[in-house]
Amino acid sequence: MDGVDKIFDSYAKNGLFENKAVLQANYTPETIPHRNKQIESVASILAPTLKGEKVSNLFVYGKTGTGKTLSVQHVGNRIEKRVKDSGDKKLRFLYLNCKLKKVADTEYRIIAELINKLGGKIPATGLPTDSVYKKFVEMVDSEKQVIILVLDEIDQAVEKISDGFIYSLTRLNSELVNSQICLIGISNSVTFMDNLDPRVRSSLGEEELVFSPYNALQLQDILRERANQAFKKGAVGDGIIAKCAAYAAREHGDARRALDLLRVSGELAEREGGNKILEKHIDAANSKIDRDKMVDIIESEPKQFQLVLKAIINLNDKKEGGGIYTGEVYNEYQNICEKTKSEVLTQRRIGDILAEFDMLGVINAKVISKGRQGRTREIKLMLSPNIREETDKILADALGN
DNA sequence: AGGTATTCACATGAAACTATTCTCTGAGTTAGG
DNA sequence: TAACTCAGAGAATAGTTTCATGTGAATACCTGT
């Protein structure tokens with residue numbers, strides 16, 4: 001009876017989870033608490049499709065984890081079911097997440113993916129975009145039907161491609177003879193609409209819907225409902241739910257985060273062999289989630305990014321507290337490249353890489369002007385000590401030294 | 001002293017280039033009738 | 001003659017370089033008191 005057996009034993013005996021899938025990100029719950037109003041709005045906007053009538057395009061926005069995607073999909077499923085039951089009208093509900101890398105982050109791939117969902121076939125590459133587009137129109141228009149097209153994280157798509165793409169989609173209706181198409185855009189950036197072509201804005205934003213963040217009490221309701229299904233009885237106290245909710249509420253009311261927190265807490269408690277989640281598990285889970293996320297990011301970053309990060313870390317160690325500037329980073333970066341015999345990129349490119357690190361929250365870079373000493377980014381490394389440790393390991397590993 | 005003009009060290013943008021990935025096409029090759 | 005193979009053409013993407021333009025404020029330079 002060694003340690004491994006002991007682990008297996010205790011796992012089999014007192015697993016905390018009844019059904020862990022309930023807490024996972026892709027789970028679709030039966031009910032969606034505190035979103036009735038929004039769901040009804042979506043439903044009333046989409047209702048005309050049941051009669052095959054033209055409906056307004058809809059634009060939905062709200063922070064991550066506020067139930068946007070869930071609500072829209074919920075309504076979509078209901079409509080589809082309804083249509084299937086009554087059986088006369090043809091209606092397709094297409095959901096597409098534009099952020100998924102390698103699936104739908106270019107114009108070509110988005111349309112190709114849509115064609116796939118419609119049941120058509122298209123090679124992953126090798127065809128001119130407009131012929132793919134033509135094929136799409138053809139497929140849509142091949143019979144009399146209504147198509148509800150949901151583009152999730154649409155802001156990502158526009159950033160990568162251009163808004164001309166969406167413009168042509170919104171204008172699609174005029175090209176279609178038989179069918180109707182209804183566009184639903186989902187975005188978590190409120191400002192996304194502002195720097196959009198006015199024509200696109202007006203046609204996409206015929207109807208708008210805002211999902212505001214959940215507050216702590218609402219999060220508690222959500223958690224409680226899911227916890228009931230996910231855990232065995234008695235595993236979760238009420239204080240635990242409240243604490244998870246409070247943590248997540250602090251982070252702009254992100255329900256996904258709250259659920260993650262609960263799940264990871266459960267996993268930690270289980271691993272310790274306990275039969276109950278304790279408060280300390282939540283704290284541990286909280287930092288574990290942050291750490292895992294960051295480590296994941298750094299680990300999966302391409303080599304050049306890691307070299308730049310290494311340069312920043314070196315400088316950070318060398319001059320405790322003092323500001324780090326782009327030029328310094330570039331010099332240090334060049335040194336490291338020389339040592340590791342890597343290709344050296346231009347300063348222009350390093351600037352972009354720094355901006356991306358800033359976006360990811362690895363560093364905090366503020367553009368400041370030092371007067372006669374020019375304009376530059378003032379960079380602060382944002383890795384907490386325990387993440388820092390892991391990072392060093394990863395970098396040493398990846399860069400071989 | 002107070003007001004302008006300079007100037008620095010990059011930031012930020014746009015366009016062009018490169019390497020790689022993928023499919024399709026058609027020529028040439030092979031195998032079977 | 002049909003089936004098969006394989007190089008090359010065309011297209012798209014990611015990552016980068018090249019060229020161009022922008023910019024906030026410390027400093028240098030005036031100006032008139």
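The sequence lines fix the lettering, A, B, ..., with proteins before strands; numbering per chain opens at 1.
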Where the side chain of [X] is defined as all heavy atoms beyond and including C-beta, which of [options] is the nearest nucleotide?
| X | options | answer |
| --- | --- | --- |
| Arg375(A) | dC10(B), dT23(C), dT16(C) | dT23(C) |
| Val367(A) | dC10(B), dT16(C), dT12(B) | dT12(B) |
| Phe305(A) | dT17(C), dT16(C), dC10(B) | dT16(C) |

Exercise. Is it the case that Arg257(A) and Asn286(A) place a side-chain donor and acceptor less than 3.5 Å from each other?
Worked result: yes
Exercise. With no hydrogens and no angle check, do the side chains of Gln180(A) and Thr49(A) hold a donor and an acceptor under 3.5 Å apart?
Worked result: no
Exercise. Does OP1 or OP2 of dT23(C) have a side-chain N or O of Ser369(A) closer than 4.0 Å?
Worked result: no
Exercise. Using a cut-off of less than 4.0 Å, is there contact between a side-chain N or O of Arg377(A) and OP1 or OP2 of dT12(B)?
Worked result: yes
How many whole angstroms separate atom [atom1] of [X] from atom [atom2] of [N]?
| X | N | atom1 | atom2 | result |
| --- | --- | --- | --- | --- |
| Tyr330(A) | dC10(B) | OH | P | 11 Å |
| Arg372(A) | dG24(C) | CZ | C1' | 13 Å |
| Tyr325(A) | dC10(B) | OH | C1' | 13 Å |
| Arg349(A) | dT16(C) | CZ | C1' | 7 Å |
| Glu343(A) | dA19(B) | CD | C1' | 11 Å |
| Asp352(A) | dA11(B) | CG | P | 9 Å |
| Arg348(A) | dG22(C) | CZ | P | 15 Å |
| Lys303(A) | dT16(C) | NZ | P | 12 Å |

Exercise. Heavy atoms under 4.0 Å, any strand shown: does Val344(A) hit a base, just sugar-phosphate, or nothing?
Worked result: sugar-phosphate
For this session: Salt-bridge test for Glu267(A) and Arg263(A): reply yes if a basic N is under 4.0 Å from a carboxylate O, no otherwise.
Result: yes
Exercise. With a 4.0 Å cut-off, would you call Asp221(A) and Arg224(A) a salt bridge?
Worked result: yes
For this session: Check whether NZ of the Lys or CZ of the Arg Arg35(A) lies under 6.0 Å from the centre of the six-membered ring of Tyr214(A) and within 45 degrees of that ring's axis.
Result: yes
